[in-house]
Amino acid sequence: MRSPEVILTLREVTRRFGGLVAVNKLSMDVKEASIHGLIGPNGAGKSTAFDLISGLTTVSTGEICFRGEAITHMAPEARVASGVCRTFQTPKLFDEMTVLDVVATGRHLHNSVGLWGSMFSIGRKRREEAKTVSAAREFLEIVGLLAKEDAPVADLSYGDRRLVEIARALATEPSLLLLDEVTSGLNPVETATVGDLLRNQVRQGLTIVLVEHDMKFVMGLCERITVMNYGSVIADGSPDQIATDPNVIAAYLGSPKDGQRSRRALRSEQLV
Amino acid sequence: MVLARIGIFATLLLSFASSAMAKDFPVGFFGPLSGPAAAYGSESLAGAQLALEEINAGYLGSDKIKLIPADDTASPGVAAQAVQRMIDIDDVVAVVGGSTSAGTAAAIEVTKEAKVPQLSPLAVDSALTLANNPWFARIAQSSTTWAERTAEWLKKDKGAKSVYLLVRNDNFGIPLADAFEKKAKEIGLELKGKIAYEPTSREFRPTLATVASAKPDYIVLWGYYTEAGLMAKQMAEMQIKFPFYVGSAIGIDQYREIAGPSAEGTYGLLYYLAGSIETDAGKKFVQKWNERYHRTPTQYEGMGYDAMYVLADAMKRAAAKGGISKQTIRDEIFNTKAFQGATGPITILSNGDAQRPLPMAELVDGKVKLDTLLK
Amino acid sequence: MNLSLQLLSGLAVGCIYSLVAVGFSMVYRAMGLVNFAQGDLMMVGAFVGYSIIISAPALPFWLVVPFAAALTASLGYVIAQSALWPAIQRGASQTYLVLLTLGIGIVLSNGARLIWGANPRVYPIPLTHETIRVGQYPVPAVYPLIGLTMVVLIVGLHLLFTRTWLGLALRAAADDAQTASIMGVNRRFASAASFALASGIGAAAGVLYAPITFVSADMGMLGIKAFAAAVLGSLGSIPGSVIGGLVIGIGETLGGQLVSSEYQDSLAFLLMIGILLVKPTGLMGKRG
Amino acid sequence: MLRTAKESLSQQNDFASATSQNRNDWIVFAVIVSILWSVPLSLGGFYLYLGLAVAIYAISALGLQTMVGLAGQLSLGHAAFMGIGAYTSVLLQKTLGLPFLVTLAAAGLTAAAAGLLMAQLIRLSGVYFKIATFGFGIVVHQILSNWTALTGGSAGVRGIPVISIIGFQVETRTGLFVCEALTLTLIYGLLVRLSHGKIGRAFRAIGQNEAAARSVGIPVPRYRMIVITLGCAIAGIAGAYLPHLMRFLSPESFTWYESLTCLIMITVGGLGSLPGAIIGAAVLIVAPEYLRDFAQYKMLAFGVLLVASMILLPKGIAGAGAALSRRKRIHAR
């Protein structure tokens with residue numbers, strides 16, 4: 001039985017590319033207003049899992065439920081409308097826009113002007129546009145980039161690009177946010193800022209799934225963690241359970257015999 | 001003495017007056033000078049320029065013609081714009097030009113609107129003169145004439161009973177083929193079949209195989225020289241042998257190069273064949289061209305030369321009758337009767353079409369040899 | 001007329017399409033761009049071959065092919081280094097790259113028209129008009145040479161890509177930029193080398209095609225059909241390009257009789273679009 | 001969220017600066033439109049004729065710019081849609097005697113329908129779609145040349161009817177120019193409006209990164225279809241004027257080379273810039289008139305211009321102008 005506060009459920013979701021099984025019978029439950037980690041070595045299938053949940057790739061078999069409704073075959077834009085939004089492993093922005101414009105694209109579904117309105121309406125278009133811009137500013141303020149709103153995104157540092165992407169995702173007002181390696185390329189200060197930002201958002205009711213390599217970040221932030229290797233789930237549990245799971249340690253650091261040393265390594269990584 | 005003085009003075013005055021009245025008449029020339037069809041435009045321009053040198057050396061008395069050439073790249077839009085510019089900015093009194101059918105068709109609408117006479121050296125599309133456009137004439141025969149003369153010649157001179165038609169699918173090939181088909185039916189020349197091919201085609205083996213299986217007496221092509229060359233070449237490679245009629249392609253060097261030895265024995269109808277015109281004007285032109293360029297003139301060079309002269313002749317008559325204007329030039333162009341041109345005597349008919357001899361030729365020993373001069 | 005003869009000429013033209021299509025595919029894999037100038041490079045190669053024949057009439061024809069290919073490859077190398085690489089490095093969009101190669105194509109074809117003239121050129125060698133007998137059929141003497149060159153080039157490319165360091169490096173640079181940089185391969189060099197190689201192959205195709213027809217500045221339009229061949233067989237796959245080229249070559253020759261010749265060009269593209277709608281990655285394409 | 005008064009004040013200023021780009025677009029619009037209206041009409045004669053040609057191709061280039069420059073949907077068969085518009089309009093005028101305003105709308109609608117048909121091919125992935133648009137152009141040209149019963153085939157259509165608008169006969173060049181310039185102004189203005197705000201942002205997002213555009217909820221396939229249809233409809237409207245300029249209509253005005261010319265126009269003018277499309281059309285039509293003695297180098301020059309502008313000025317003439325004015329502004333500060 002699904003507990004009432006579960007917002008996202010994956011049931012034996014599988015994705016094959018030709019002969020290769022990128023995601024194999026992935027099942028997981030994500031609780032509302034929590035941070036859920038999805039970790040695993042390179043090539044484990046985490047980003048593919050994100051593509052499946054966000055709809056950029058089609059599911060071969062299995063089912064994805066969001067708020068109790070199957071979204072398995074829904075178009076990606078429809079999933080955004082129902083409250084699922086994602087970021088990418090390397091930030092995908094719109095390189096010829098300004099920071100404000102990029103975040104404003106996140107308000108697309110919240111602006112009621114259509115093709116004709118965009119050409120022929122005067123007052124409504126202006127009002128809607130003003131709403132879009134002021135909302136975009138609010139989200140820029142949340143990530144602390146309001147001062148750079150007029151800068152072309154092409155001129156931003158890597159860390160700022162990440163933040164703009166997060167602001168753009170938040171601007172869609174999702175109830176589930178999928179963050180793909182949100183800390184890679186960030187310095188420790190920026191990482192800490194992002195951590196605080198996410199905690200703050202969760203406190204306001206947002207659910208987050210994190211694909212992450214920074215163990216310290218994951219262990220410190222997540223309530224629950226799912227570990228994948230070669231497309232399959234090898235462990236699922238609280239950060240403490242994961243840190244001591246022999247399968248996880250083996251997956252990260254080779255054979256199970258080296259368990260003791262690996263565990264220490266995992267712990268020490270936490271301490272870095 | 002006094003009288004003599006007055007006489008001298010009067011002569012001086014007159015010559016001064018006439019030189020003051022001598023005018024440069026701007027005349028436009030357009031045709032494809034670049035692109036794949038450049039040969040038509042640039043060769044007829046070269047012919048026109050030689051004629052112009054002679055004309056400006058006193059043919060119009062002290063008057064001169066100033067030629068304004070433009071490139072139409074064989075595109076209708078560019079042709080219309082180029083001609084419009086000649087009329088609006090250069091204020092031309094006449095336009096010589098139109099080498100490709102599409103370019104000419106667009107240009108005649110411009111000259112008609114502006115009431116400027118246009119004389120085309122090469123355009124053959126019969127639709128051009130069917131529109132009853134009083135401002136357009138040409139010295140080339142219409143496609144109907146080309147096709148009908150060919151059909152008659154095949155039937156009467158060559159005793160052909162059946163033909164197979166190959167047609168370039170554009171407004172050069174289609175009107176020729178249609179007129180040919182009609183005439184063939186009329187005179188009882190059997191049409192074994194007709195295949196229209198795309199202008200971009202280079203592989204004709206399947207088509208030729210179909211043609212060969214129909215066993216016609218003659219294969220008649222209405223297309224460009226490149227296709228004619230490839231067809232002759234591919235027929236030879238397939239070891240198919242039928243008498244092959246290639247139209248004006250026969251007079252083009254590149255046709256013979258592409259076809260190679262297989263060009264031998266093909267027939268064609270030319271605009272003009274150097275040496276086929278036995279009149280003084282015909283001989284003088286070939287001789288002059290030889291002196292200047294050390295070769296015989298091509299058919300397009302001959303046509304360009306004559307177009308310029310027909311225009312100059314009309315201007316000369318207009319001047320004699322009281323003045324050169326667009327209207328009088330037009331009238332006199334349409335009054336052209338048996339003008340002794342380098343390409344033969346030329347008469348302009350009331351619809352703007354021309355009457356002129358057409359040389360039917362055969363390739364013998366790599367040389368274009370006159371078969372008959374069709375009057 | 002008999003079928004086998006038609007099949008032979010379809011095969012010969014198909015080989016030409018294949019070679020140009022292989023060039024398309026190599027460039028697409030190495031640089032991720034659709035090179036609309038590929039057909040024009042073939043045309044330049046054919047003209048270069050013409051100039052070689054004119055200036056060195058004693059040179060045997062089979063030697064003209066590598067010389068013309070080498071010269072055109074150098075031109076391709078310069079184009080890739082000077083015009084294409086800066087755009088690729090900047091991460092320019094596909095649209096931009098297509099427009100860039102279109103522009104290069106215009107420059108090449110109109111430049112060639114100014115250099116070699118607007119009239120078509122015919123190779124002044126006996127081979128142009130010679131035929132030989134294959135069994136009982138007369139075929140142009142250049143056909144065996146086309147087949148041979150095709151086999152040599154494809155085997156050569158296979159060996160290059162599987163046996164030599166350069167080939168492995170080029171493949172690595174195309175497939176996995178990280179591995180390539182570990183191997184010490186300069187991506188810029190690898191891209192330019194692939195482009196040059198593709199230009200050279202295109203030039204060889206042009207020189208071999210010339211005796212069948214003639215050389216003219218608008219010959220590059222043939223490249224568009226070769227592109228359809230590459231797409232048909234799956235863009236980026238060399239065996240796919242070869243098969244696509246042969247399919248289009250034979251299909252055109254045999255299909256010419258079956259379908260209306262007025263719509264020949266349309267049919268080639270409708271066929272391509274149809275196949276793509278059924279199988280979006282081409283005949284040899286893998287899923288996903 | 002709490003905001004101090006000072007913050008909200010600065011926000012208002014920021015709002016002004018964010019809309020300043022929009023204001024600049026309208027200033028450029030005003031400048032371009034006033035040049036467009038004043039120069040050909042005051043010079044008259046052949047310049048008016050050039051103005052007619054520029055206006056037609058500027059309209060067409062605006063359509064292409066919206067598709068290619070703004071939304072990144074490359075079309076290699078744009079001239080075909082001008083052809084569809086031209087033939088639709090003229091044939092309806094000639095055979096049914098419909099008034100020009102009706103046939104103009106019909107031209108836009110038919111071209112839009114054909115564009116929508118082509119847009120179905122967006123199922124094909126990026127590169128394949130591009131070559132399919134090329135194929136589409138070839139197919140349309142062949143239909144125009146071969147469907148003799150309807151289009152008159154390669155011989156073309158003669159006797160183009162005079163434009164008549166609610167009883168007024170547009171017989172003079174000036175009259176035709178006023179019609180064209182009105183159409184151009186209207187379309188340019190609507191496209192500037194479209195490019196501002198939500199829809200324009202969505203188009204640009206799709207053009208710059210499709211996956212990211214989907215990730216924020218922009219319905220990418222639908223928007224791609226919309227922009228392709230829109231661009232083609234505009235080409236159809238431009239095409240409807242062409243026969244009235246040339247007084248003759250032939251399939252040869254809608255070949256691959258014409259499509260290529262349209263692409264060169266928007267690239268030289270600046271990919272993605274609406275004024276750039278108009279500037280590009282003007283440059284490509286007017287410049288050859290001043291270089292008539294070098295006619296044989298024309299296409300070579302266009303090719304060189306295309307490559308050079310892509311390498312040296314990736315944002316075209318309009319982009320260079322904008323960059324220059326930005327630099328000036330910065331210096332002024």
Side-chain angles (χ1 to χ4, degrees), chain B residues 30-35 38 41-42 68-91 100-114 125-128 130-133 143 168-175 178 196 198-200, chain D residues 43-50 52-54 56-57 79 82 86 138 141-142 145-146 148 152-160 162 171-173 242-258 261 285-286 288-302:
Chain B
F30 76 97
L33 304 177
S34 65
S42 44
I68 296 155
D71 181 13
D72 73 1
T73 66
S75 140
V78 181
Q81 188 170 320
V83 172
Q84 192 71 57
R85 178 186 166 127
M86 292 168 181
I87 293 168
D88 288 349
I89 293 195
D90 303 310
D91 198 22
T100 58
S101 296
T104 316
I108 63 172
E109 298 297 326
V110 179
T111 49
K112 180 184 173 188
E113 165 101 4
D125 185 358
S126 53
L128 292 171
L130 283 179
N132 280 330
N133 177 345
S143 49
R168 182 182 163 101
N169 189 28
D170 65 1
N171 70 340
F172 171 75
I174 298 285
D178 289 348
E198 271 306 285
T200 50
Chain D
L43 292 177
F46 184 65
Y47 297 98
L48 190 51
Y49 183 89
L50 283 182
L52 289 169
V54 169
I56 291 174
Y57 281 93
M82 289 179 77
I138 301 277
H141 180 251
Q142 293 211 310
S145 314
N146 288 318
T148 315
S154 46
V157 179
R158 226 174 288 276
I160 308 295
V162 169
E171 276 166 353
T172 60
R173 227 180 255 182
L242 196 63
H244 298 282
L245 168 70
M246 287 170 47
R247 295 176 214 92
F248 171 67
L249 180 57
S250 145
E252 294 315 297
S253 297
F254 312 108
T255 57
W256 154 240
Y257 292 100
E258 301 290 327
T261 307
I285 287 172
V286 177
E289 288 302 325
Y290 291 92
L291 303 167
R292 204 162 43 157
D293 296 339
F294 307 99
Q296 77 226 64
Y297 303 104
K298 187 177 105 172
M299 272 317 274
L300 180 70
F302 281 0

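Labels below follow one simple rule: chain letters A, B, ... track the order of the sequence lines, proteins then strands, and each chain is numbered from 1.
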Inset, instruction - Counting only heavy atoms closer than 4.5 Å, note whether D:Y47 contacts chain B via side chain, backbone, both or neither. - result: side chain
Legend entry - Distance (rounded to the nearest 0.5 Å) between B:D178 CG and D:T148 OG1: 8.5 Å
Legend entry - Option that, when pairs with chain D are counted at under 4.5 Å, heavy atom only, ranks first among B:A105, B:A82, B:P69: B:A105
Legend entry - Proximal component of B:D72, with respect to chain D [non-hydrogen, under 4.5 Å]: neither
Inset, instruction - Let me know if D:S253 has heavy atoms under 4.5 Å from chain B in its side chain, its backbone, both or neither. - result: both
Inset, instruction - Sort D:E258 into side chain, backbone, both or neither according to what part of it lies under 4.5 angstrom from a heavy atom of chain B. - result: side chain
Inset, instruction - Before giving the answer on side chain to side chain contact (heavy atoms under 4.5 Å, CB included), spell out for D:L245 and B:Q81 the whole-Å C-alpha distance, their side-chain angles and the decisive distance to 0.1 Å. - result: CA-CA 9 Å; D:L245 168 70; B:Q81 188 170 320; over 6 Å; no
Inset, instruction - Take B:Q84 and D:R173, measure what side chain to side chain contact (heavy atoms under 4.5 Å, CB included) needs, and give me the verdict at the end. - result: CA-CA 12 Å; B:Q84 192 71 57; D:R173 227 180 255 182; 2.3 Å; yes
Legend entry - Intermediate values then yes/no, side chain to side chain contact (heavy atoms under 4.5 Å, CB included), B:L130 and D:R158: CA-CA 11 Å; B:L130 283 179; D:R158 226 174 288 276; over 6 Å; no
Inset, instruction - Please report the shortest heavy-atom distance between D:Y49 and B:D88, naming the atom on each side. - result: CB-OD2, 4.4 Å
Legend entry - Residue part contacting chain D, namely of B:I87, when any heavy atom lies under 4.5 Å: neither
Inset, instruction - Compare every heavy atom of B:E113 with every heavy atom of D:R247, then report the nearest pair and how far apart it is. - result: NE-OE1, 3.2 Å
Inset, instruction - State the CZ-CG distance between D:F46 and B:D91, to the nearest 0.5 angstrom. - result: 13.5 Å
